[in-house]
There are 2 protein chains.
Amino acid sequence: MAVAAEIEPERSNSQTVRAQLAVRDLVLTGALKAGEHVSELSLVGRVGVSRTPVRAALHRLAEEGLLEPRAAGGFTVKAFSDRDVLDSIEIRGVLEGLAARLAAERGVSLTAIAPLRRCLAELDEVVRQTGRSVEIFSDYVALNARFHAVLVGLADSRPLERQIERAVNLPFASPSAFVMVQSTMPEARTILTIAQDHHRCVLDAIEQREGARAESLMREHSRLASRNLALALRNQETLDLVPGAALIRSSSIA
Amino acid sequence: MAVAAEIEPERSNSQTVRAQLAVRDLVLTGALKAGEHVSELSLVGRVGVSRTPVRAALHRLAEEGLLEPRAAGGFTVKAFSDRDVLDSIEIRGVLEGLAARLAAERGVSLTAIAPLRRCLAELDEVVRQTGRSVEIFSDYVALNARFHAVLVGLADSRPLERQIERAVNLPFASPSAFVMVQSTMPEARTILTIAQDHHRCVLDAIEQREGARAESLMREHSRLASRNLALALRNQETLDLVPGAALIRSSSIA
DNA sequence: CGTATCCGAGCTGTATACAGAAATACGCCT
DNA sequence: AGGCGTATTTCTGTATACAGCTCGGATACG
């Protein structure tokens, strides 16, 4: 089918996963507008699999929070207010803060923290660089994602990992969601420097078993994202750099 | 089928929901042991619906955290260490703490807080009562659940509600999970009194917009559950009063 | 002209049939 | 007698057929 060819032919192992990725992309790119009802049959044509995996994918995306189940059955694309986004970021901050505190309180061996130290050093290099801004930032995004993931692992708590994974699944709530927005701003380098100092201090706090400090640092760290969100909402064009921006219906279209 | 008759004939609207409830019960009662592989076909016979809704139910239960997806496909009943349970309770405390703080910081009108005040008054009465211990506690459980639910609503944040709902879905992480354990203990009344004082102080803190106080109170409040867990783990017989206790594989079977 | 009712199209929920993969058990070979 | 390979069986993943329901439109009536 012609339309199906639009979607990458990625022959992933599972049809369900393929459908999930395809539909998620449709939602995040705005091909399916917020509030719109998304029917199973229409997707069957678009992603080229039968109803069963499409159905499973829709349920999973509803669990992720991108779709909203209707009482009558079926799903609609969820719309997020700016406060919803803000709250999602705060939730992530609180949970990551808990992870940092647990790591600190329970103690982490030096060998366990070593990978994170290495990650920190790599981030240092990226921040120190003075090249093409966009490239620096995309390097930063990748390393930053790794840093956060490994940090959460230090808490060594499966329940917490699960909960954080869910919080981060909302694309605009991920630790790196708003980093690219900074790349368009004059004080870009400043913010990176501050964020990286957060990283460093959190590691120090964990090493010295300062739980409260580690926790509040991670919270404040997440608020960098909140601040970037506020900036992005002012100049609408930079908002396109944020994944899933199509879902954010700005309440202030004055 | 004879076996299907064991399950209540509850003709709920949806086959999927029926299957979900039935399988959840099988897991929580221990009919399906922790670690055991749960096959779709075997459940088809037990709950009396076809594979499609059973399959959907299994995926939902995996999302809830009661089942664990296997790489090869299918699911196993998840096992929880006591630390997993402890962490789950801590996660709930942290999230409910966030809810209380947001409510306090953003401000709550007196009319909005009124239902919670009423709930508090009803709890007061229950705590003051001096009747059959078990009845008092089951009354308390119901009211306590309502109190927590309404409190979370005060934060007025859909993302946070979603996240907390997920945290509470783990049966032993719910606010009332370990209340029944107290009913067997001599200092039962004492704990209820303390818990109720937490409730009262949190409301006061929210009214007076003391965010930090509201947050730390809710955290400490959740730690009552942690303490009850520790007690329940000592006398194994009281552990049966906890929903889903069958999933907790005590690491210390000394 | 507005409103209520009825009918039809489309969609979801459910059941089942089929294919491929994994686990198990059996038999054969060493 | 034990280990390995193969065959069988059982399972999951996927596709499709069917039934009931919901929603929208058209028509008739006030």
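Here is the naming used below: chain letters follow the sequence lines, and residue numbers restart at 1 for every chain. Source: prediction; values computed, not measured.
- Here the C1' atom of nucleotide C/dG13 and the NE2 atom of B/His59 are 17 Å apart, to the nearest Å.
- The listed nucleotides are D/dA15, C/dA23, C/dT12; the one nearest the side chain of A/Pro53 is D/dA15.
- For the pair A/Thr16 and D/dT14, the criterion of a side-chain N or O lying under 4.0 Å from OP1 or OP2 is met.
- By the 6.0 Å contact criterion, CZ on B/Arg234 is open, its count of non-hydrogen atoms from other residues, nucleotides or ligands being 12 or less.
- Of the candidate nucleotides D/dA15, C/dT16, D/dC11, C/dT16 has the atom lying nearest to any side-chain atom of B/Arg51.
- B/Leu41 has its CG atom 10 Å from the P atom of D/dT10, to the nearest Å.
- Aromatic ring centres of B/Phe75 and B/His37: separated by at least 6.0 Å.
- The nearest whole Å value for the distance from the CD atom in A/Glu36 to the P atom in C/dC11 is 13 Å.
- Judged by distance alone, the side chain of A/His59 and the main-chain N or O of B/Ala56 form no donor-acceptor pair under 3.5 Å.
- Nucleotide D/dT16 holds its P atom 16 Å from the CZ atom of A/Arg55, rounded to whole Å.
- The side chain of A/Ser50 approaches D/dA15 more closely than any other nucleotide in the set D/dA15, D/dC11, C/dA23.
- Between B/His37 and D/dT12 there is a side-chain N or O to OP1 or OP2 distance below 4.0 Å.
- Along DNA chain C, the nucleotide nearest A/Phe75 and the nucleotide nearest B/Thr52 are compared for position; the residue whose nucleotide lies closer to the 5' end is A/Phe75.
- C/dT16 atom P lies 11 Å from atom CD of B/Gln15, rounded to whole Å.
- Between the side chains of A/Ser174 and A/Ser176, no donor N or O sits under 3.5 Å from an acceptor N or O.
- Between A/Ser42 and C/dC11 there is no side-chain polar atom (N or O) within less than 4.0 angstrom of OP1 or OP2.
- Backbone-only contact: B/Ser39 has heavy atoms under 4.0 Å from sugar-phosphate atoms and none from a base.
- Straight-line distance from the CD atom of B/Gln20 to the P atom of C/dG13: 14 Å, rounded to whole Å.
- In summary, the aromatic rings of B/Phe178 and B/Phe172 are positioned with their centroids too far apart to meet the 6.0 Å limit.
- Rounded to whole angstrom, the span from the CZ atom of B/Arg70 across to the C1' atom of C/dA21 amounts to 12 Å.
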